[in-house]
Enquirer: 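Okay, here's the structure, questions in a sec.
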Amino acid sequence: MSLTVQETNKKDLLSVSGITKRFGLNVVLKGIDLSVAQGEVLTLIGGNGAGKSTLMKIIMGIYQPDQGEMYIDGEKITSFKPSVSLQKGIYMVPQEPMLFPNMSVEENILIGFTEPRAELHNRLVKIIEEIGWKLDLTRKALSLSIAEQQLVELLRGMMRNAKVLILDEPTSALTFDEVESLFKIVEDLKNKGIGIIYITHRMGEVFTIGTHVAIMRDGIITLRGPIGDFTRDMLVKGLLPPNMDDVEKKESEEFTIDYENLEPVFKLENYSGYGFENINLEVYPGEILGVAGLVGAGRTELATTIFGREKVLSGKAYLMGKDVTGVSTREAIAAGINYVPEDRRLNGLFGMSSVAANTTSSLLFNVAMGKVFLNRKKEKEITQKYIEDFRTKVTGQEQSCGSLSGGNQQKVVIGRCLSSLPKLVILDEPTRGIDAAARGDVYSIILELRKQGVAVMLISSDMEEIIELSDRAVVMFQGHMTRELKKNEIDQNTLMNASFDVKEEKED
């Protein structure tokens, strides 16, 4: 018997109606109606604080709703408990898989089951064979990639006869090829009749993988329906508050850079360090130079070496014609180079410190050099400027950065970078893990830097981001620069091929 679900016989596997939830005086969910049917992929998008996590916790039985009803496979749920949701076939794959590193794949999948091990093993093997996945069950979990760890989490759900799988930001830490593999897995699951709630911040994924879409904003569903009924602009508008004007359109005129007559702001000549070698590139005033490639290609190592955190092995770096090879981080900032790191929590923020202290901390490097006297008044002025310019949502300048949403944390990190008035800004994965609305704000900030004549190196694993923002792009593979692309040459196929060092066949 085929497991593929026919379009005509689909039924709702999960539905919620009138779900409300408040914490004290804060109403987080304001009457949510949502459903997912057999073989559907419901892509759920919304800003940080929209209520997505709270809704998922209610569906998983972690929270009790104040009002509303939930049905699983047509049966009304009267007791909201994790054990009930799991028993009824709801399983959530977390954004960061939670595996026991020293246990095997099979042990991680089967933990918590009470049936005979041989019976469970045979059932697991049958599921893997039916779907056509390849996975060594004897491998230790610590040897798995993030994509493989997510596969283990998916199998955990399927072993529990999951009818609905919830995937929370599943591609946030995946490489290009791992994303493609995940999409194939989602397609396989969809064809088996499993319903999927796919939470994402990436607009492109909504149209690539979704059959339906729903947008949450401030505890309500502002828009939902089959994906074919919507355009990208309609979804973006659904994310914005109703009292805002329509989304600002990017300048229609093509932004051009006079490469013939301008001198580069920054230049590398045969530049080598740990993880990369012989890099040659130039970045011009007002140019956004995209730096694409797979995770591990050497892009971050290149950025941190330029910024003085790693040792230069050979070659030269020039800023405005001045040799800045091997300068310290303090000297790099003083010269006019600043860097927004990939991992803002680990390397970009002082989580316990205030927004004001984080925003102005780059200027403290200059205090020691006698170039800036940063008094309290000046700190407040600078901080307020970036809060207003970036529309950062804070309760005040003294709010701790650790309590901000991911998008607002990123705005603080970028504000700190720009407070030093850099000539070259290196942005490493600037929109990773932030919601679609905040992503638009970050894009506006980057485009404003271009207008001001700042040179920007944009490191991103998101091909859409490279395509949308870059004036030129370079691609790295295993520490080498494999391609340099002009604006009209930057497309997904070319970026993908260059990222894997696949040579494109030229037409005769």
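All heavy atoms count here, side chains included; hydrogens, waters and symmetry mates do not.
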Enquirer: Counting distance only, does the side-chain N/O of D168 pair as donor-acceptor with the main-chain N or O of I199 below 3.5 Å?
Expert: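 Answer holds: no.
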Enquirer: Please assess S460 against R299 for the test side-chain hydrogen bond (donor to acceptor under 3.5 Å, both in side chains), listing each intermediate value before the final yes or no.
Expert: CA-CA 9 Å; S460 180; R299 300 169 303 161; over 6 Å; no
Enquirer: Give a yes or no on whether the backbone of M159 and the side-chain of R123 come within a donor-acceptor separation of less than 3.5 Å.
Expert: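 Present.
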Enquirer: When rounded to the nearest 0.5 angstrom, what distance separates OG in S104 from CG in L137?
Expert: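 Here the rounded value is 7.5 Å.
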Enquirer: Could you tell me if the side chain of I215 sits less than 4.5 Å from the side chain of R224, heavy atoms only?
Expert: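 With C-beta onward as the side chain, the pair stays apart.
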Enquirer: Could you tell me if the side chain of Y91 sits less than 4.5 Å from the side chain of V164, heavy atoms only?
Expert: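 Heavy-atom side-chain distance check fails, nothing below 4.5 Å.
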Enquirer: Using the rule given for side-chain contact (heavy atoms from CB on, under 4.5 Å), can you reason through M476 versus V291, listing the C-alpha separation, both sets of side-chain angles and the distance that settles it, and then say yes or no?
Expert: CA-CA 7 Å; M476 292 184 66; V291 184; 4.2 Å; yes
Enquirer: Side chains of T200 and E205: is there a donor and an acceptor less than 3.5 Å apart?
Expert: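 Per modelled atom types, T200 and E205 side chains form a pair under 3.5 Å.
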Enquirer: Determine whether Y71 and I77 make a side-chain contact, defined as any pair of heavy atoms from C-beta on separated by less than 4.5 Å.
Expert: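 A side-chain contact is absent here, since even the closest heavy-atom pair is not under 4.5 Å.
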Enquirer: Assign the ring pair Y63 / F23 to parallel, tilted or perpendicular, where the plane angle (0 to 90°) is split at 30° and 60°.
Expert: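 The rings of Y63 and F23 stand perpendicular, inter-plane angle above 60°.
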Enquirer: Verify whether one side chain among E465 and Y443 offers a donor that lies under 3.5 Å from an acceptor in the other.
Expert: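 Side chains of E465 and Y443: pair found under 3.5 Å.
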Enquirer: Look up atom OG in S17 and atom CG in D33, then write down how far apart they are to the nearest 0.5 Å.
Expert: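 Those atoms lie 6.0 Å apart.
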Enquirer: Taking the side chain as every heavy atom from C-beta outward, state whether V84 and K81 have any pair of such atoms under 4.5 Å apart.
Expert: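 They are in contact (side-chain heavy atoms under 4.5 Å apart), so the answer is yes.
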Enquirer: Using only atom types and a distance under 3.5 Å, with no angle test, would you say the side chain of T43 pairs donor to acceptor with the backbone of Y198?
Expert: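 Looks like no, no N/O pair under 3.5 Å.
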Enquirer: Flag the pair D188 and K192 as a salt bridge only when some basic side-chain nitrogen lies within less than 4.0 angstrom of an acidic carboxylate oxygen.
Expert: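 No, D188 and K192 are not salt-bridged.
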Enquirer: For D428 and Y339, does a side-chain donor sit closer than 3.5 Å to a side-chain acceptor?
Expert: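 D428 vs Y339: donor-acceptor pair found between side chains.
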Enquirer: Taking N191 for its side chain and E187 for its backbone only, find out whether a donor-acceptor pair lies under 3.5 Å.
Expert: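 Here the side-chain-to-backbone pair exists.
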Enquirer: Okay, side chain of T54, backbone of K21: is any donor-acceptor separation there less than 3.5 Å?
Expert: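 No.
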Enquirer: For R156, is there any backbone N or O sitting under 3.5 Å from a side-chain donor or acceptor partner on R160?
Expert: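 Checking the backbone N and O of R156 against the side chain of R160, a donor-acceptor pair under 3.5 Å is found.
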Enquirer: Run the numbers on I185 and L189 for side-chain contact (heavy atoms from CB on, under 4.5 Å), then give the verdict.
Expert: CA-CA 6 Å; I185 289 167; L189 295 171; 4.1 Å; yes
Enquirer: Heavy-atom distance under 4.5 Å between the side chains of L447 and I288, does that happen here?
Expert: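 Yes, close enough: below the 4.5 Å cut-off.
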Enquirer: Starting from the C-alpha separation in whole Å, work towards a yes-or-no answer on side-chain contact (heavy atoms from CB on, under 4.5 Å) for E106 and H121.
Expert: CA-CA 8 Å; E106 182 167 354; H121 173 82; 2.9 Å; yes
Enquirer: Under 6.0 Å from the NZ atom of K30, do we count more than 12 heavy atoms belonging to anything else shown?
Expert: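 More than 12 heavy atoms, drawn from other residues, nucleotides or ligands, come within 6.0 Å of this atom.
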Enquirer: State the CD1-NZ distance between I196 and K163, to the nearest 0.5 angstrom.
Expert: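 NZ of K163 is found 16.0 Å from CD1 of I196.
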Enquirer: Please check: side-chain N/O of S35 versus main-chain N/O of D12, any donor-acceptor pairing under 3.5 Å?
Expert: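 Side chain of S35 to backbone of D12: no pair is present.
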Enquirer: Charged N to carboxylate O below 4.0 Å: is that the case for E464 and R232?
Expert: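 Counted as a salt bridge, because a side-chain N and a carboxylate O are separated by less than 4.0 Å.
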Enquirer: Less than 4.5 Å apart, any side-chain heavy atom of N102 and any of L142?
Expert: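 SC-SC contact between N102 and L142 confirmed.
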Enquirer: Backbone N or O of E301 within a donor-acceptor pair of the R309 side chain at under 3.5 Å?
Expert: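 A pair under 3.5 Å: no.
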Enquirer: Would you say T482's side chain and V475's backbone share a donor-acceptor pair under 3.5 angstrom?
Expert: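 Flag set: sc T482 to bb V475 pair under 3.5 Å.
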Enquirer: Ion pair present between E129 and K126, side-chain N to carboxylate O less than 4.0 angstrom?
Expert: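 So E129 does not pair with K126 through a salt bridge.
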Enquirer: Do the side-chain N and O atoms of T305 and E310 include a donor-acceptor pair separated by under 3.5 angstrom?
Expert: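 The answer is no; no qualifying pair exists.
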Enquirer: Answer yes when K11 and D73 have at least one side-chain N-carboxylate O distance shorter than 4.0 Å, and no when they do not.
Expert: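 Salt bridge flag = yes for D73 with K11.
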Enquirer: What I want to check is whether the side chains of T494 and E489 have a donor and an acceptor closer together than 3.5 Å.
Expert: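 No.
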Enquirer: Mind checking the CG-CG spacing from L458 to L289? Nearest 0.5 Å is all I need.
Expert: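 One finds 8.5 Å between CG of L458 and CG of L289.
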Enquirer: Keeping the roles fixed (side chain from R139, backbone from S143), state whether a donor-acceptor pair exists under 3.5 Å.
Expert: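 Here the side-chain-to-backbone pair exists.
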Enquirer: side-chain contact (heavy atoms from CB on, under 4.5 Å) for L155 and I128? Distances and angles first, verdict last.
Expert: CA-CA 8 Å; L155 287 168; I128 293 172; 4.0 Å; yes
Enquirer: Salt bridge (charged side-chain N to carboxylate O under 4.0 Å, His left out) for E69 and K76? Distances and angles first, verdict last.
Expert: CA-CA 7 Å; E69 298 178 338; K76 185 176 180 179; 3.1 Å; yes
Enquirer: What I'd like to find out is whether the side chain of F477 reaches to under 4.5 Å of the side chain of S499, using heavy atoms alone.
Expert: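 A side-chain contact under 4.5 Å is absent here.
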Enquirer: Under a 4.5 Å cut-off applied to non-hydrogen side-chain atoms, are L485 and D491 in contact?
Expert: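 Contact flag for L485/D491 side chains = no.
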